[in-house]
Amino acid sequence: MKYYSTRDNQLRISAAEAIKMGLSRDGGLLTPCEIPQIDEAFLKKLLPMRYQDRAAAVMGLYLEDYSLQELTAFAENAYGPDKYDSPAVAPVRTVDGRTHCLELWHGPTSAFKDMALQMLPQLLSAALRKTGEEKTVCILVATSGDTGKAAMEGFADVPQTKILVFYPKDGVSAIQELQMVTQAGDNVGVCAVVGNFDDAQTGVKRIFSDAAMRETLEGRGYFLSSANSINWGRILPQVIYYISAYCDLVRDGKLAMGDKVNFCVPTGNFGDILAAYYAQRMGLPVGRLICASNCNDVLTDFLRTGVYDRNRPFHNTMSPSMDILISSNLERLLFDLSGQDDAPVKEYMVQLAQSGRYEVSGAVREKLQSLFWGGFCGEEDTAATIARYYRDHHYLIDTHTAVAAQVMDQYRRATGDETVTVFVSTASPYKFCNHVLSAIGETPESRGVELIGQLQSATGVPAPSRLAELKGKERRFDRFTEKDGMDGVVLSFLS
Ligand SMILES: *Cc1c(COP(=O)(O)O)cnc(C)c1O
């Protein structure tokens, strides 16, 4: 199967090239030319399988230039017991008869980004081999907190790769920052940007499309690629867990084969929920996709009105990985809903760059609204939801997951839809100890990692061991830059 660009539907490149490039030269997102279809027979075959084997089977449908044997080996490495503290990898926890929670944070950095970023470095290394690439790839990452750490953990000391992460200086949690600045590996670099996530992401995108920069780096033996969810190699591993969750529910008798399920996803860059959309497009029985935002509610308005307008205040919230006003992956959805026509997509993206706003056609809006439902959850409701789940279910959830849980309730109240619904849990509560402690009525007694012990003794819920180990680690990086200085940081990192 070939890949094309959301801004050029005549392009044809292989999966390995798409993963190696990360972003298309025309600025568009690389996307499969067809969506492979699955049926009940396929799902039945997956039912008894382990997560690792389900992963290889699903990825194989999209990656013709990778053998099943290769993909199986990658999945064993990515999701093995040395990386994941749950043998199920992505376990589904039942809350009540029609509500389940898909826990995606059992990997090495305790955020759902690991699900893809334990896989992507292996797909990318193989892509370098398959395409005969001799240069070293430098992965540039803009992170709202979790991607940076998960990407460094995945790429640390991978041959023929370097990785440089930019994060918003005051936009990540103390634990997220400590996870990043203590990262080991000879090929990693970290730099804070004075600004918010959109500033960091815009800076990275600008560097990608800078021809002079590309030439300079080529002269030094490097090319740039992306581990952000603009890379198809990030989205594909995320499709797996929606299909796997469905299989688990059927296997465990919580759902009959063929019955529909809704997914409610805490959303920032629109990568995770886009993967759910692809699962649905492949034929997984999915009802509604519920898009949950925090008070950066640009997507809620978009899904309700068809107008995307980023001209609004930016809020730093207790769910920082969703503090985003420009959701990059929406471009893939718009392309698909426009019948894979690149012309309207290019027009929308020009308007977005020029005025920060665009309005989709009536036809696209109707399709959007039949598939998706959008809602947002403010700070107080987020805290109240953490408290409620802890009190009613002794279930400790993080701030991002709480946004999803609360928006799921809003959806149910607004529509009366009683379809079985899975809300997605994207981070361990131990990444956001201060907010979680306050939410359950405890007074945080210190800061940062010191709070892990307090949350553990207050709740009896065990902390992920990797987070607990952060305490004694040495800080290796302390660099920061203004947003205009990001080019210079890249040049000195690759000197
Ligand atoms: C990245 C992230 C999200 C948002 O996911 P997108 O794919 O960017 O929409 C939600 N929650 C957590 C904890 C994250 O790290």
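Note that ligands are numbered from 1 as they come in the structure, with each ligand's atoms numbered from 1 the same way. The analysis underlying the following values was restricted to heavy atoms, covering all of them including side chains, and did not include hydrogens, waters or symmetry mates.
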Asks: T426 heavy atoms, cut-off 4.0 Å: which ligand 1 atoms fall inside?
Replies: 10 (C), 11 (N), 12 (C), 13 (C)

Asks: Does either side chain, that of Y308 or that of D301, offer a donor lying less than 3.5 Å from an acceptor on the other one?
Replies: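 Side chains of Y308 and D301: no pair found under 3.5 Å.
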
Asks: Contact between P266 and ligand 1, counting heavy atoms under 4.0 Å?
Replies: yes

Asks: Need the ligand 1 atom indices (1-based, order shown) with element for anything under 4.0 Å from a heavy-atom of A427.
Replies: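 Selected atoms, number and element: 13 (C).
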
Asks: Tell me if the centroids of the rings in Y395 and Y390 come within less than 6.0 Å of each other.
Replies: no

Asks: Can you name the atoms of ligand 1, numbered from 1 with element, that are less than 4.0 Å from a heavy atom of D146?
Replies: 12 (C), 13 (C), 14 (C), 15 (O)

Asks: Can you tell me if N228 and N269 form a side-chain donor-acceptor pair at under 3.5 Å?
Replies: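 Short answer, no.
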
Asks: Counting heavy atoms only, which part of W105 comes closer than 4.0 Å to ligand 1: side chain, backbone, both or neither?
Replies: neither

Asks: For ligand 1, is there an N or O atom under 3.5 Å from any N or O atom of F270?
Replies: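 In this structure, F270 places an N or O atom under 3.5 Å from an N or O of ligand 1.
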
Asks: Quick one: which of N269, N228, L104 has a heavy atom closest to atom 8 (O) of ligand 1?
Replies: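 Among N269, N228, L104, the closest heavy atom to atom 8 (O) of ligand 1 belongs to N269.
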
Asks: Considering distance alone, does some N or O of D272 sit under 3.5 Å from an N or O of ligand 1?
Replies: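 Indeed, backbone or side chain, D272 has an N or O that close.
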
Asks: I need the atoms of ligand 1 closer than 4.0 Å to a non-hydrogen atom of G271, numbered in the order shown.
Replies: 6 (P), 7 (O), 9 (O)

Asks: What I'd like to find out is whether the side chain of V95 reaches to under 4.5 Å of the side chain of H100, using heavy atoms alone.
Replies: no

Asks: Under 4.0 Å from any heavy atom of T267, which atoms of ligand 1 are there?
Replies: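 It comes down to these atoms of ligand 1: 9 (O).
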
Asks: If you count every heavy atom of other residues, nucleotides or ligands that lies below 6.0 Å from D478 atom CG, does the total exceed 12?
Replies: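 For D478, atom CG is not crowded (no more than 12 foreign heavy atoms under 6.0 Å).
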
Asks: With heavy-atom distances below 4.0 Å as the criterion, list the atoms of ligand 1 near K113.
Replies: 1 (C), 2 (C), 3 (C), 14 (C), 15 (O)

Asks: Backbone N or O of T6 within a donor-acceptor pair of the D342 side chain at under 3.5 Å?
Replies: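 No: the side chain of D342 does not pair with the backbone of T6.
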
Asks: How about T399 and H435: does a side-chain donor come under 3.5 Å of a side-chain acceptor?
Replies: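 Not at all, the side chains of T399 and H435 share no donor-acceptor pair under 3.5 Å.
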
Asks: How far is atom 9 (O) of ligand 1 from the closest protein heavy atom, and which atom is that?
Replies: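 The answer is G268 N, 2.7 Å.
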
Asks: Would you say T31 and W232 are linked by a side-chain donor-acceptor pair, where the criterion is simply a distance under 3.5 Å?
Replies: no

